[in-house]
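Just so it is clear, the structure is predicted and the values come from calculations on it, not from any experiment.
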Amino acid sequence: MKSVFKRLLNVEDMMVEDVSLDDSPLRDAPVLVARVRCGKGALRCSRCGRKAPRYDNGGGGRSWRHQDFGCFRVELSGPVPRVECRLHGVVVSRVPWAEPGGRFGRDFGSGCAWLMTVAGQKTVSGFLHIAWRTAGDIARRVAGRLESSMPCMFDGLHAIGVDETGRRKGHAYITVIVDHGRGRVIWAHDGHGRQVPGLFFRQLTPGRRASIRIVTGDGAGWIDASVAEHRPNAERVLGSFHIVSWMTDALDRVGKRLWNQAGCDGNTTATEAMRGVEYAVPGNPGDLTERQSTALATLADADPKGRLYRSWQLRELLRTLLRQPVERAEAEPKRWIGRASRCRIPEIVEPCGKIRRRRDDILTTIRLGHSNARIEAFNNKIKVTIRMAYGFRNTDNLIAMIKLRCSGPPIHLPTPIL
């Protein structure tokens, strides 16, 4: 019978001494308790894994939650002696079925972490009978174990993307860094601003830092300042979407101003002409519905001076500019800036100034052909992860879930090994 339970518990280098059903009134449900001990192998330090001599018996036995057998919960119980490591002193010896300092077995942790990547709070807590906060701690431990078993994510970096994602209301953000070459999140930290990416760059060795040639991101000044401080030789690439969005926001402000002005003046003709245009103007011409395309055809007559139409033309010219070949794109930004500066539309002044200041970065974006699309795609996945992790009080647990879902660790359900 002991050999059968040893196979069912699915842990190498473990001996089963006894199995009993504990249905005492102190427990809310009967629990199957398996008394186990380590094999005859040498005792090892739980921190570094080196062999170490026994120090004492550890002051009694300990218990760990294991995977359930049917409708019964399972606990592993047994003695854990202490060892005297040359590097870490007196510490608890390592056991093959649990993480150091954890109250759950490895298989239970792996199953819980996998379930958290595909299900929400109610499913995980109800199926595994654990608190959501406890599940977050398990995810952090499993993410750390899987990351340590993988090759270092900071090796071979060539192009990275930097962006921030809101994690809750009140301007609380998480800064995320993505490796464009491998297509995965390699680093995340609570907060945003110039100092946060500096924490990432300071973790890199000089050789790893020198290998970074391209840094993508939006036009935020804190990204520029951090890159200039820690990797000044890297080429800064702006996302094409963000460059066009500067003009899209200005175009939206022009439409709102003209609409409000026509309503205040009682100009019903202009109001009728602009009806529906506000929904057609911000979108791409190829993605419009038939009704929006009809409204866009009347854009030139929407206001007497054609300000909305000229703003829309500038936006489309900018979009076309970003798709030009490198040899033709050298002179195009200068022409666009000259045309935008002469349009006499107040809302165009701000994006025109941005494009004038970032002209070199825009040319670099066109020349290299890189975009910020990958990190924007991860941004959407991270927002879904934040929603799935609703209720976490510890930001480290949230970051662990982001790594489990976006960093590509080898996470899977436990499989038979015996």
Side-chain angles (χ1 to χ4, degrees), residues 46-49 87-88 99-101 113 136-167 172-218 220-237 239 370 372 374-379 381-382 385-386 389 392 394-411:
S46 58
R47 298 186 181 180
C48 62
L87 296 178
H88 302 101
E99 303 287 345
D137 295 337
I138 293 175
R140 186 176 74 249
R141 287 180 177 274
V142 173
R145 171 164 58 88
L146 295 178
E147 186 175 356
S148 63
S149 65
M150 298 171 58
C152 183
M153 294 187 182
F154 299 157
D155 290 337
L157 294 179
H158 175 68
I160 63 173
V162 184
D163 197 8
E164 82 279 358
T165 302
R167 62 178 177 86
Y173 296 92
I174 292 178
T175 299
V176 179
I177 296 181
V178 171
D179 179 10
H180 286 289
R182 299 182 180 93
R184 64 186 182 184
V185 174
I186 59 173
W187 191 82
H189 197 277
D190 187 22
H192 76 295
R194 177 177 179 176
Q195 301 300 327
V196 178
L199 299 176
F200 165 75
F201 284 110
R202 281 191 286 272
Q203 290 183 14
L204 305 179
T205 62
R208 290 171 176 170
R209 195 180 305 128
S211 67
I212 300 176
R213 302 294 183 184
I214 300 171
V215 179
T216 69
D218 56 20
W222 59 271
I223 299 179
D224 299 332
S226 181
V227 173
E229 178 181 358
H230 299 282
R231 191 63 186 95
N233 295 330
E235 295 188 281
R236 182 75 166 87
V237 174
H370 277 268
N372 214 33
R374 188 179 298 277
I375 194 168
E376 292 299 331
F378 273 115
N379 193 11
K381 192 172 183 179
I382 290 171
T385 305
I386 292 172
F392 280 175
N394 192 336
T395 310
D396 293 336
N397 295 346
L398 172 60
I399 292 175
M401 271 200 67
I402 292 174
K403 290 183 177 180
L404 287 175
R405 301 191 77 235
C406 304
S407 296
I411 179 173

Undergrad: Nearest 0.5 Å please: distance from the CG atom of L398 over to the CZ atom of R167.
TA: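 Rounded to the nearest 0.5 Å, the CG-CZ separation comes to 7.5 Å.
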Undergrad: Heavy atoms only: give me the nearest G191-T175 pair and the separation to one decimal.
TA: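 What the structure gives for the nearest pair is O-OG1, 2.6 Å.
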Undergrad: Quick one, H158 with H180, criterion side chain to side chain contact (heavy atoms under 4.5 Å, CB included). Give me CA distance, side-chain angles, the key distance, then yes/no.
TA: CA-CA 8 Å; H158 175 68; H180 286 289; over 6 Å; no
Undergrad: Just wondering, do L146 and K403 contact through their side chains at under 4.5 Å, heavy atoms?
TA: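 Not touching, per the 4.5 Å side-chain cut-off.
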Undergrad: Got T205 and F154 here, is their nearest side-chain heavy-atom distance under 4.5 Å?
TA: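 With C-beta onward as the side chain, the pair stays apart.
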Undergrad: Can you check whether N394 reaches R140 side chain to side chain, under 4.5 Å on heavy atoms?
TA: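 In contact.
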Undergrad: Taking the side chain as everything from C-beta on, heavy atoms only, tell me whether L204 gets closer than 4.5 Å to I212.
TA: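 They are in side-chain contact.
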Undergrad: Would you call the rings of W222 and H192 parallel, tilted or perpendicular if under 30° counts as parallel and over 60° as perpendicular?
TA: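 Perpendicular.
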Undergrad: Is the shortest side-chain heavy-atom distance between I223 and R236 below 4.5 Å?
TA: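 SC-SC contact between I223 and R236 confirmed.
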Undergrad: Please give me the minimum heavy-atom distance between I382 and T165, naming the atom from each residue.
TA: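 Where I382 meets T165 most closely, the heavy atoms are CG2-CG2, 4.1 Å.
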Undergrad: Roughly how far apart are Q195 CD and E229 CD, rounded to 0.5 Å?
TA: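 So the CD of Q195 and the CD of E229 are separated by 6.5 Å.
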Undergrad: Can you spot which of I160, L157, V185 makes a side-chain contact (heavy atoms from CB on, under 4.5 Å) with I177?
TA: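 Of the listed residues I160, L157, V185, the side-chain contact (heavy atoms from CB on, under 4.5 Å) partner of I177 is I160.
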Undergrad: Tell me, do F201 and R231 make a side-chain contact under 4.5 Å, heavy atoms counted?
TA: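 The answer is yes, as the side chains (C-beta and beyond) meet within the 4.5 Å cut-off.
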Undergrad: From R209 CZ over to H230 NE2, what is the distance, rounded to the nearest 0.5 angstrom?
TA: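 Taking CZ in R209 and NE2 in H230, the distance rounds to 8.0 Å.
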Undergrad: Please round to the nearest 0.5 Å and tell me the distance separating atom OG1 of T385 and atom CD1 of I399.
TA: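 Separation between the atoms: 12.5 Å.
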Undergrad: Taking all heavy atoms of L404 and all of A113, pick out the closest pair and write down the distance.
TA: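 Looks like CD1-CB, 4.1 Å.
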Undergrad: Would you mind reporting whether S407 and E147 have side-chain heavy atoms less than 4.5 Å apart?
TA: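 A side-chain contact under 4.5 Å is absent here.
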Undergrad: Looking at G136 and F392, what are the two nearest heavy atoms and their distance?
TA: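 Closest pair (atom of G136, atom of F392, distance): CA-CZ, 3.6 Å.
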Undergrad: With rounding to the nearest 0.5 Å, note down the distance linking CD1 in I174 to CG in D163.
TA: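 So the CD1 of I174 and the CG of D163 are separated by 12.0 Å.
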Undergrad: Could you give the distance from CD1 (I402) to CH2 (W187), rounded to the nearest 0.5 Å?
TA: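 These two atoms lie 12.0 Å from each other.
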Undergrad: For a quick test of reading the model, state the closest non-hydrogen atom pair linking F378 to C406 and the distance between them.
TA: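 Answer, listing the atom of F378 first, then C406: CE2-O, 3.6 Å.
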Undergrad: What do you reckon, is CZ of R145 surrounded by more than 12 foreign heavy atoms closer than 6.0 Å?
TA: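 Above 12, so yes.
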Undergrad: Taking all non-hydrogen atoms of both residues, which atom of M150 and which atom of R184 are closest, and how far apart?
TA: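 Closest heavy-atom pair between M150 and R184: CE-NH1, 3.7 Å.
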Undergrad: Is there a side-chain contact between H88 and C48 (heavy atoms, below 4.5 Å)?
TA: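 H88 vs C48: side chains touch.
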Undergrad: Side chain to side chain contact (heavy atoms under 4.5 Å, CB included) between R47 and L87: does it pass, once the steps are laid out?
TA: CA-CA 9 Å; R47 298 186 181 180; L87 296 178; over 6 Å; no
